[in-house]
2 protein chains.
Amino acid sequence: MMSDDDDFDLTLFLPYLLNQAAEASSMQFQQFYKDRYGMLRTEWRVLFHLGLYGQMTARDIGLRAKMHKTKISRAVQKLSERRFVSRARDDEDRRVERLSLTAQGRAAYRDLYAVAQRYDAELTAGMTQGERHALRQLLVKLQDRGSTSGDRNSGKTAGRT
Amino acid sequence: MMSDDDDFDLTLFLPYLLNQAAEASSMQFQQFYKDRYGMLRTEWRVLFHLGLYGQMTARDIGLRAKMHKTKISRAVQKLSERRFVSRARDDEDRRVERLSLTAQGRAAYRDLYAVAQRYDAELTAGMTQGERHALRQLLVKLQDRGSTSGDRNSGKTAGRT
DNA sequence: GCTTGTTAGTTACAAAAACAACTATTACAA
DNA sequence: TTGTAATAGTTGTTTTTGTAACTAACAAGC
């Protein structure tokens, strides 16, 4: 047991705490989209973004979700095979594909939206209204730290803590 | 763009925010242990725990860090090969291995401890003292949600959000 | 002593992620 | 034009992870 010099507590190291909390909640929430729709995390995220923002390209999703394009490409492929997502070439720029949810995709989105809402409420059940709000605001601040310089759409997934 | 019924904002969904923040900070911090010591995240975590708590078994680490035993086994192997960690059979119970840091391991730990301290300070630079504290307390609360029932030492790593 | 069960840790194999190299298309400048 | 660079997205290969099955050591009942 080596506490070096001063009062910094490594067990309260922010990247560590964030990862622990993220893993715990993600593991639990995963159960819903996995059990009900056999989706992977990347697939749920793509569905989530398309449901939320409507039609998008893979690139758009990458920018918003900070996901790497190969992950998106493969998620879209799966979602498309399972008829949750439809893809359409853009005739203005034929490199681009415009993605959107099918009726089935929208139904899954609505379902999972409701589940997410309940789950979020459950997670924050022990908090005051003020804490809830503060937590989200602080996390929003933290999530953008780092994506400062160059290299857009690189969106590699973290080699965590 | 489909906001279903009420006022729940999926972009503020806690598992999502937590993951974004965790990924952003982990990606940045990773740079240090990766560049300087060629460590993986799991290896850094094991080092971190051994530095913090002194001698431990793989099982102990698994319980504290909620890491699966196979991850720990592999991390210990690497750390041992690179002479950061030494392993010694326990003669009371010869299934058990008592792990501890070598001099080199302690040096790396001290170095990374200091880096972590600085990095943590940098991350929370925009916050008030109260916010810092509140954030950590809330994250501590969140990290234990879920590990309720049975199956100790299962520590699967999240299939995140 | 022997069976039966449990625990610590490892290893083998399958799934998912990271990373790099690729195709197709557009942009733009000589 | 044509040649170079850039962009959207895909595919192939390598690492890392997840999962399950395994070995070795103990424990407890009989």
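Just so we're on the same page: letters track the sequence lines, and every chain starts at 1.
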Should the pair Arg136(B)-Asp120(B) be classified as a salt bridge under the 4.0 Å nitrogen-to-oxygen rule? yes
What is the distance, to the nearest angstrom, from the NZ atom on Lys34(B) to the C1' atom on dT16(D)? 12 Å
To the nearest Å, how far apart are Lys69(A) NZ and dT10(D) C1'? 9 Å
In whole Å, what is the span from the CG atom of Asp60(A) to the P atom of dA8(D)? 9 Å
From C-beta outward on Thr42(B), which listed nucleotide comes closest to its side chain: dT17(D), dG9(D), dG9(C)? dT17(D)
To the nearest Å, give me how far apart CD (Gln30(A)) and C1' (dT19(D)) are. 13 Å
Quick check for you: to the nearest 0.5 Å, what is the distance between Leu40(A) atom CG and Lys71(A) atom NZ? 10.0 Å
Determine, stepwise, if the pair Tyr37(B) / Trp44(B) fulfils ring pair (Phe, Tyr, Trp, His ring centres under 6.0 Å). CA-CA 9 Å; Tyr37(B) 302 101; Trp44(B) 149 244; 9.4 Å; no
When rounded to whole Å, the CD to C1' distance for the pair Glu43(B) and dT16(D) reads 11 Å
Between C1' of dT7(D) and CZ of Arg89(A), the distance in whole Å: 13 Å
Test item: Leu52(B) and Thr11(A) side chains (from C-beta on) under 4.5 Å apart, heavy atoms: yes
Rounded to whole Å, the NZ-P distance (Lys66(A) to dA18(C)) equals 15 Å
May I ask you to say what Thr70(A) touches in the nucleic acid, namely base, sugar-phosphate or nothing, with a heavy-atom cut-off under 4.0 Å? base
How many whole angstroms separate atom NE2 of His68(A) from atom P of dT13(D)? 17 Å
Nearest of dA8(C), dT10(D), dT7(D) to any side-chain atom of Val96(B)? dA8(C)
Does the Lys NZ or Arg CZ of Arg64(A) fall within the cation-pi geometry relative to Tyr53(A) - under 6.0 Å from the ring centre and within 45° of the axis? yes
NZ of Lys66(B) to CG of Asn19(A), rounded to nearest 0.5 Å, is 12.0 Å
Given Tyr113(A) and Phe8(B), is the ring pair (Phe, Tyr, Trp, His ring centres under 6.0 Å) satisfied, shown in steps? CA-CA 9 Å; Tyr113(A) 180 98; Phe8(B) 174 65; 5.5 Å; yes
Where along residues 74-85 of chain B does a heavy atom come under 4.0 Å from DNA chain C, residue by residue in number order? Arg74(B), Gln77(B)
Determine: side-chain N/O of Lys71(B) to OP1/OP2 of dG18(D), distance under 4.0 Å, yes or no. yes
Polar-atom pairs under 3.5 Å, protein N or O versus N or O of nucleotides 24-28 of chain D: list them with distances, or write none.
from	atom 1	to	atom 2	distance (Å)
dA25(D)	OP1	Arg94(B)	NH2	3.4
dC26(D)	OP1	Arg94(B)	N	2.6

Remember a base hit wins even if backbone is also touched, and classify Arg98(A) as base, sugar-phosphate or nothing at under 4.0 Å, heavy atoms. nothing
For Gln104(A) and Arg83(A), does a side-chain donor sit closer than 3.5 Å to a side-chain acceptor? no
Angle class for the Tyr16(A)/Phe48(B) ring planes (parallel below 30°, perpendicular above 60°, tilted otherwise)? tilted
